[in-house]
Structures are given as C-alpha cells and as structure tokens.
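Report on the structure given below.
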Amino acid sequence: MLKESPFLSITLDINNLIIECNHTMESILDKKLTGMDITTVFSVWKHPLRSKLIHAEYKDRIFAFIVGKINDTEDKMLYGVETSDFAMLIKENKDLKNLTRELDAIIENSYDGIYITDSNGLTLKTNTAIERITGIPKEYYVGKNVGTLINRGILKNSVTKKVLEYKRTVSVVQKNYVGNETILTGSPVFDDNGEIEKIVTNIRDLSDLNELQAELVKVNKLNDKYKRELQRLKNKPDQLKDIITKSEQMKMIYDTAKRIANIDATVLILGDTGVGKDVLANYIFSNSSRSKVGEFIKVNCGAIPAELLESELFGYEGGAFTGANSKGKPGMFELANRGILFLDEIGELPLSLQVKLLRVLQDGEIQRVGGTLPKKIDVRIITATNRSLKVMVEEGDFREDLYYRLNVIPIKVPPLRERRDDILPLIQLFLQQISEKYHLNKEFDYDLKDFFLSYDWPGNIRELSNLIERLVVTTNEKVISMEDLPAEYHQANDVTINSILPLKDAIEAAEKKVLTLAAKKYENTYEIAKALESSQPTIVRKLKKYEISIRR
C-alpha cells in the first residue's frame, strides 16, 4: 500500500537510511533510493529536535514531511507534500519568533514600566522596570485583574477601564503604592473587527522628572543671573550702546530707566544743559515695546517760536491760517502716535499751550489748529528741563496741575562734575568716535587727561564732546597735550592748577569762578545764596562786582 499512496511516502530506519519509498517519491527524485541516507538525497533537510515537521528541498522544489512511528519499532514513516506555501509558513513562523523575541527584549529593557492586559483587564505581561517604579515584583501582577489590584490598594485608579470606556488613549497622573508620582498612559490595541483586544499601559515615574525640572529651574535662574552680570561686565567701558554708566549714579539711573520702559507713566528728566537728557529719553524708548510700533519724536520747546509751536505740536487743518497747507498737516503728537513724544526744555512751553498739553495727558485727545473735532491718540510723554519747574510754579510761570502730571516719574541726571568716574570712559568713547569719523589717530597725554578729570565742565557732556572734537581736528601732533587747549581753558586752569598768585587775587579768582558756575546753574540769587551758604544781598553785591549775569 505504501507504493500506491498518493502522498510522498518514505520509510526510514533509526539511522535515517531509506527502507522503502513509494513510486511518487521515486518519480520525483528519478532514482532508486533504498539504502541511501535521506539527508544526502535532499539538498536541504531540516528536522528540528522534538518536531514532527521536516523541511526538505530538491532541485528548487520544496517539500514538507510529517514524521510518524511504525507500530512499536524504531522505524519512521514520512508522509509529505510538495508545497512552496508551506515553506513560506515555516519562514513566517521563524520570522514571527524572531520578532517576538525582539519585542520581548524591547519591553524588558524599557526604562518605563510596561503593563499589558487583555480586554477584561487581566494582566498578560509586565517588565522589570515596574518593580523599580512600584516596588512590587513583576511576577505579582501577571495573571491578576486590575480590579483586584485596585481592591488590594496596589493601584489607586485604573487607566485600563478608562481606555475600555473611551476606546482611545488615556493618561492619568497618580501616586503609586510607595507614594511616588507616576503618569500612566493606556493605549488600546484593536482586532480586525475594531474591538479592543489588549491595552498597553506605559508607566513613567515622575519623581525623577520633577527633581530634574526643579534643578533646571534653579540652573536657568542662575544662568540668567550670570548672563545679566556678564552683560554688565562686557559693557566697555561700563557702556550701553555708547552710553557711559561707570559711576554708581548713572548705573542707578539707567537701571531705573530700563525698569520703567514699558510703564506708560510720564517721565520728567531733570538736569543741567548737556548732561544727556535726550540720550536717556531715547534709551527709554529703545527698551520699550513702543519702539516696535511707533516713533521717537523730539521737540525742543525753546527752539520753536511760540506762535508756531502750537501748529507744530498739534497740527492744523487746511486753510487754518495764511500760508497754511491746503491739505492740512499732522502735528508731532500725531506723528508720535503709539510711540513716544519727547518735549525737551518743557519749561519754555507757553502757558496757553500748557493747557492743551494737560488735556492730552488727561483725555488722550488732541485738536488741530482750525479743527473742530478732537482726535484720540496713544502717545507716551517724556519731558526734560534744566529749570526748576517747582520754582516756576511758585512764580506763576508754570501750571501746577500740569507740573504734577509731568512729575510722575522724575529722574535727576547729575552734572559731569558730580560723576567724575564717567569722565575717562567718555573721553575714550568720544576720542574713538571722532577718530573714526575723521580717519585720524590721536591720543591725549597724562596731564591733559588730569585736566579733564579736574575741570568742572559747566557744559557737561556736550562741552566735553565738543572740546575733544575741536582738539582732534585742529592739532597737528598725534599726542595732544595741555599746550593745545584753547585759551579760555588755560585761564580756567590757571586759577585752579599750578598758579602762584597773591593771596587776595587767588581768593578773588576762586570766588569769581564759583560765582560764575553758580550763575550758570541757578536761576536766581536766592538759589545761589542757598547753594553757597551765603546771604542773598551778598550774592547780589558780588555778582555786580565781578560783572556776572545769571543765566536765563
């Protein structure tokens, strides 16, 4: 019957020698096989241990055999078929085993805990990481239902149940059995019918992340502190975009200016002529959000005739007056909309315009000359003056209500003689700028620098800058010395430096110089008397003696 079997049939002894094979097998192999070793007949003969399946190949033909026993003997009977599909199944089975092994390795070596259940919440698989996160051996979970684990207090909440309920990925944050904060993310695995067959839960211990986050916040704060300090130290010399802040007074002023840059309150900058009030105003604008959407418009209230100042500030409608543009013209307030309007020398503003400025500050509206309708504007006002507005209010030259509106954030810029730490850095800055401008290479000798440090600079920074430019462009030598100073500075220097005079003359010279400086700074004899700790009649008499006029 073996010979007539429709299947491929082979009988083997214990040594894999062929006892008998049927005609079908012989016709395929085209030779007599009795007594031959079966493993030498086929080019490929694979018989895994403890398996009843054999994979064989012969001349590009693939066979599969099933092994069976013959009665109680040790001989074997092989029944087989020729099929390439079966070989593919074997290959796929092998690939599947390799893939399973790889997935098991990935799951086991994951830093996060992996927790897999079926659709009923029965735990199928976990990894070793779950032991580190929960403190419970992974074997404890396998085979247990999540409901049981909740009842025992092992879990406080079940993300598995929420995944089954919502049929989507769900995340929850909870404390585990040992009190550590964890985040659980459950994701459904669907079968071919769209039903959930498994839930894969990823468990991450947040305690390490929370500690890292706290450390990161601390490091970032420290980093920001170091950046600010480095930025401050990198200012050469103590410089912010050509602004010298070597002295403590100027550092405090510009720190304040930066803090108030985005506060829309009015700023009143006080200080002598030439101290850099307009530079400070521009710095506030540059560091404000208004610099991104608006303009910085500067108006010198003392440089424009009073009869023209109103139309310059508020604009005018077409035909408002003789010679006016027929289409009208916007004023400085409109041009500065969403930006900053800097009103320099605000003390020179006529009383009639002070009323209109007060309305702008109160209502945020302007009205053009010759216009009938007010117009809303969004302008921040910064003003500056070298006069005492408070004294002007007492004398009736400045409106008290406007003064308090402007004096919300007052900033007093000290004169150069009160911040001598800034003089050498300013010299270095101006010398560099002027040398680059005129393509020259000049320097100052030691005595000249010493003079710069000791001189009182009644014109402040503007005077210093002008003198340096004058010296650089007019001297022939590379090194500029005391001999190159203009005559008026030699006279001032002679009174205070290296001058031997009769004591009476020296006293009068010093007295004249002090009174000259005071007359340039203060606006009346009362202020001078107070500053010099003298009486007002004495000041009047000495001013007349030295023919000194008070600055107006």
Side-chain angles (χ1 to χ4, degrees), residues 234-251 253-254 257 269 271-283 286 298 300 303 342 344-345 384 386 412-499 513-514 516-517 519-521 551:
K234 282 195 300 184
N235 294 330
K236 297 180 181 179
D238 290 309
Q239 187 176 324
L240 300 168
K241 294 181 181 179
D242 296 342
I243 299 171
I244 300 299
T245 56
K246 178 71 173 177
S247 64
E248 289 301 320
Q249 303 103 303
M250 295 305 291
K251 287 178 183 177
I253 286 171
Y254 276 89
I269 304 176
D272 293 352
T273 299
V275 293
K277 298 187 289 295
D278 55 341
V279 175
L280 178 60
N282 213 319
Y283 178 82
S286 300
K298 177 182 175 181
N300 189 321
F342 175 49
D344 197 8
E345 295 190 29
N386 54 17
K412 176 75 163 63
V413 182
L416 197 53
R417 64 181 176 274
E418 294 180 11
R419 47 183 174 106
R420 297 187 184 272
D421 289 344
D422 292 333
I423 293 178
L424 284 180
L426 282 168
I427 293 170
Q428 179 181 333
L429 174 65
F430 294 147
L431 184 59
Q432 177 184 347
Q433 291 176 340
I434 295 167
S435 296
E436 291 176 355
K437 177 180 178 181
Y438 296 107
H439 306 289
L440 298 172
N441 184 19
K442 300 291 182 73
E443 59 184 73
F444 298 128
D445 70 5
Y446 178 82
D447 290 337
L448 185 56
K449 288 182 180 178
D450 188 60
F451 167 74
F452 285 154
L453 281 173
S454 61
Y455 187 61
D456 281 342
W457 302 107
N460 294 291
I461 298 174
R462 186 179 296 119
E463 181 185 5
L464 175 61
S465 175
N466 291 342
L467 177 60
I468 291 175
E469 184 170 11
R470 179 177 176 181
L471 291 172
V472 169
V473 299
T474 59
T475 55
N476 294 322
E477 302 298 327
K478 178 181 178 181
V479 179
I480 304 172
S481 64
M482 287 288 296
E483 287 73 22
D484 298 309
L485 277 175
E488 60 266 28
Y489 289 95
H490 277 294
Q491 294 172 3
N493 189 47
D494 288 341
V495 176
T496 57
I497 302 173
N498 302 325
S499 178
K513 182 179 180 181
V514 171
T516 300
L517 293 175
K520 289 181 178 180
K521 179 176 180 181
R551 173 185 58 80

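For this chain, numbers begin at 1 and follow the sequence in order.
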Might you point out which heavy atoms bring [X] and [Y] nearest each other, and give the distance in Å?
| X | Y | value |
| --- | --- | --- |
| M250 | I244 | CB-O, 4.1 Å |
| M482 | L448 | SD-CA, 3.8 Å |
| I423 | L464 | O-CD2, 4.4 Å |
| Q249 | P414 | CB-CG, 4.1 Å |

Qualifying salt bridge (charged side-chain N to carboxylate O under 4.0 Å, His left out) pairs, either residue in residues 430-446, two or more places apart: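 Passing the test, one end in residues 430-446: K437-E469.
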
Within residues 451-464 or reaching into it, pairs that qualify as salt bridge (charged side-chain N to carboxylate O under 4.0 Å, His left out) - sequence neighbours excluded: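 Of all non-adjacent pairs touching residues 451-464, those that pass salt bridge (charged side-chain N to carboxylate O under 4.0 Å, His left out) are R420-D456.
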
Could you grab the distance from atom [atom1] of [X] to atom [atom2] of [Y], nearest 0.5 Å is fine?
| X | Y | atom1 | atom2 | result |
| --- | --- | --- | --- | --- |
| L431 | N441 | CG | CG | 8.5 Å |
| Q432 | I434 | CD | CD1 | 11.0 Å |
| L280 | F342 | CG | CZ | 8.5 Å |
| I243 | Y254 | CD1 | OH | 4.0 Å |
| D278 | E345 | CG | CD | 10.5 Å |

Residue pair [X] / [Y], side-chain heavy-atom distance below 4.5 Å:
| X | Y | answer |
| --- | --- | --- |
| D344 | K298 | yes |
| P458 | K521 | no |
| I468 | S465 | no |
| W457 | L467 | yes |
| L471 | P486 | yes |

Pair D272-R417, side-chain contact (heavy atoms from CB on, under 4.5 Å): steps then yes or no: CA-CA 11 Å; D272 293 352; R417 64 181 176 274; 3.8 Å; yes

Any donor-acceptor pair under 3.5 Å from D422 side chain to S247 backbone: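 At least one qualifying donor-acceptor pair exists.
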
Expected output: side-chain N460 to main-chain P415 donor-acceptor under 3.5 Å: no

Reference residue R419; test side-chain contact (heavy atoms from CB on, under 4.5 Å); the match among T245, V275, I253: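 Testing R419 for a side-chain contact (heavy atoms from CB on, under 4.5 Å) against T245, V275, I253 leaves exactly one candidate, V275.
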
Criterion side-chain contact (heavy atoms from CB on, under 4.5 Å) on I461 and V279, from CA distance to verdict: CA-CA 11 Å; I461 298 174; V279 175; over 6 Å; no

Residues E477, T475; criterion side chain to side chain donor-acceptor pair (under 3.5 Å); working and verdict: CA-CA 6 Å; E477 302 298 327; T475 55; over 6 Å; no

Stepwise side-chain contact (heavy atoms from CB on, under 4.5 Å) check, L429 with Q433: CA-CA 6 Å; L429 174 65; Q433 291 176 340; 3.5 Å; yes

Partner residues of N282 under the side-chain contact (heavy atoms from CB on, under 4.5 Å) criterion, sequence neighbours left out: F285, S286, F296

F444 and F452 aromatic ring geometry - parallel, tilted or perpendicular at 30°/60° bounds: perpendicular

F451 and Y489 aromatic ring geometry - parallel, tilted or perpendicular at 30°/60° bounds: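 Rings of Y489 and F451: perpendicular, over 60°.
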
